[in-house]
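In what follows, a structure is listed as structure tokens, so that the remarks can point back to it.
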Amino acid sequence: MTGTKELKWPIPESVNEIENYMKQRVGLGISFDFGIRKLKILKKDVHIYYVNGLCDTRFIIELIEELVQINDHEKLSTNLFGLIENRLVNQSVEKIKELDQVVDKVLSGLIAVVIEGEGCALVVDVRSYPGRSPQEPDTEKVVRGARDGFVENIILNTALTRRRIRDERLRFEMLKVGKRSKTDVALGYLEDVADPNLLNILRKEIQAIQTDGIPMADKTIEEFIVKQGWNPFPIVRYTERADVAAAHILEGHVVIYCDTSPSVIITPTTYFHHVQHAEEFRESPAMGTFVRWARFLGVLTSIFLLPFWLLMVLEPSLLPEKLSFIGPNDKTNIPIIVQLFLADFGIEFLRIAAIHTPTPLSTAMGLIAAVLIGQIAIDVGLFVPEVILYVAVAGIGTFTTPSYELSVANKIARMLLMIVTAIFHEPGFVIGTTLLFIYLIHMRALNTPYLWPFLPFEPKGFMQIIFRRAIPGAYLRPSIVHPRNLYRQPPGGNQK
């Protein structure tokens, strides 16, 4: 598909021509959900176009009652368009002069009112999208905190954000993506805080998307924006929590909302954004710091525990005498590296199966995996017990990673480290770890260093990563987002 602009068709003054256009182009009379309601008001034809399932029928009935009453209370008038516009009792009424825009609006859930002899249509917002009510996301639960999360309706999602940020400078810039889907995509940001260069990059990249549609919503947007390729590490962060999105907007980030998706994209983000969780900010600074350190330990365990243990198995001379118990106590005919991969893939199979298993059966599946598969595999000699132990610990570390995308990337990095360690032993572990570190150093997420504030090193930002600082003391916005307004509160004004 090329980027050639389509011709803009003006609205004909004849409602019959409009009806013929709708029949030929949109499928009026063929598609059961696309309908028309014909009225006669002051001896002129008035047609209303709508899509069943996307509109609130009650509102349409009320509007029709108002329009029909014009015949009872008004005399013949040369300004029927103005009379009808005043009788459309709705807060959102827009004048449209192009026929293709009318089609887009109607297919988005609005209704269009066209009047005989008028080259203009009135579009009324009576949308009522099918969907669920806001509820706490399963992947970002907290002990204390808000229980409302984003849903598949972009209107509700922006409303949940605006409820938390009632600033007149909060902007939701709407764009449309997809030649056929015409999906609504919004950029959420604070006008006086967000980096204009980042906004221009995102706006340009989204407007340049040339595709039929984005049924996978925000994930498709991400792939067009960041062009990640085969890089497993996430470059943007997803969240389904409205409070997390609002907190990042206040910091100066730009959040991308996509209709039909219950998650939003936070830009720009670094590696350390993916290992933070809302739970840390719902506890005291001491508790939040403890939880954060425990999570960091879990992330490191998920990457380095199995390769390091494998190295100790292959090179027992590296172990001090007091740690000589580390390693398999039982002999086996299957190489340890093969056992590690089998067990690791076994946990991955369980994770995938848990996603596709109905909830009432998930408990039974867990019992089968733990009692039958695990124990019998040890009894028959497929695994040594130590392999099950360390793989389970590494798996728990994977589950402690807040970002699902990062947890999978860390697992891929762990497997690669195990392979080079098994082949080259100590040099393989050292060189593999170094190459992984160098790779992360050279990564950039929308012109943002991926390991900031560790590299390039920024003391203040690094301390805020290590310690969960009290909100009254965190008066500076992160410099990595290049905020136009650096201070989020008076310097030192709220500290006690």
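Predicted model only: the values in this text are computed from it and were never measured.
- Applying salt bridge (Lys or Arg N to Asp or Glu O under 4.0 Å) to Lys182 and the options Asp100, Asp104, Asp259 leaves one that passes, Asp104.
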| side-chain hydrogen bond (donor to acceptor under 3.5 Å, both in side chains) between Arg203 and Asn200: does it pass, once the steps are laid out? | CA-CA 5 Å; Arg203 193 181 295 117; Asn200 290 334; 2.9 Å; yes

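- By the 4.0 Å N-to-carboxylate-O rule, Glu405 lies too far from Arg237 to be salt-bridged with it.
- Here the side chains of Val226 and Glu205 are not in contact, with every heavy-atom distance at 4.5 Å or above.
- The pair Asp192-Arg171 does not meet the salt-bridge criterion, since no charged nitrogen lies less than 4.0 angstrom from a carboxylate oxygen.
- Residue Ala409 comes nearest to Pro232 through the heavy atom pair CB-O, 3.2 Å, listed as atom of the first residue, atom of the second, then distance.
- In the model, Ser181 has a side-chain atom that pairs as donor or acceptor with a side-chain atom of Thr183 under 3.5 Å.
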| request: Take Arg295 and Glu280, measure what salt bridge (Lys or Arg N to Asp or Glu O under 4.0 Å) needs, and give me the verdict at the end. | output: CA-CA 10 Å; Arg295 184 171 288 113; Glu280 301 165 7; 2.5 Å; yes

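- For the pair Arg477 (side chain) and His482 (backbone), a donor-acceptor distance under 3.5 Å is absent.
- The shortest non-hydrogen separation linking Arg127 to Ser108 is CD-O, 3.1 Å.
- Side-chain atoms of Asp218 and Ser263 include a donor-acceptor pair closer than 3.5 Å.
- Listed for the Glu279 side chain is a donor-acceptor partner under 3.5 Å among the backbone atoms of Val143.
- In terms of heavy atoms, Phe233 sits closest to Ala413 at CZ-CB, 4.3 Å.
- Arg163 CZ: 12 or fewer foreign heavy atoms inside a 6.0 Å radius.
- Nearest heavy-atom pair, Asp195 versus Val481, reported as atom, atom and distance to 0.1 Å: CB-O, 3.4 Å.
- In this structure, His253 and His248 have perpendicular ring planes: the angle between them is above 60°, well past the 30° mark.
- The side-chain heavy atoms of Glu136 and Arg241, taken from C-beta on, include a pair separated by under 4.5 Å.
- Note on ring orientation: taking the six-membered ring where Trp is involved, the planes of Phe457 and Phe462 are tilted (angle from 30° to 60°).
- Checked by atom type and distance alone, the side chain of Thr421 never pairs as donor or acceptor with a backbone atom of Met418 at under 3.5 Å.
- Asp125 and Lys105 are not joined by a salt bridge, as no carboxylate oxygen comes within less than 4.0 angstrom of a charged side-chain nitrogen.
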Q: For Ser261 and Glu152, run side-chain hydrogen bond (donor to acceptor under 3.5 Å, both in side chains): C-alpha distance rounded to whole Å, both residues' side-chain angles, the deciding distance at 0.1 Å, then the answer.
A: CA-CA 5 Å; Ser261 174; Glu152 290 76 14; over 6 Å; no

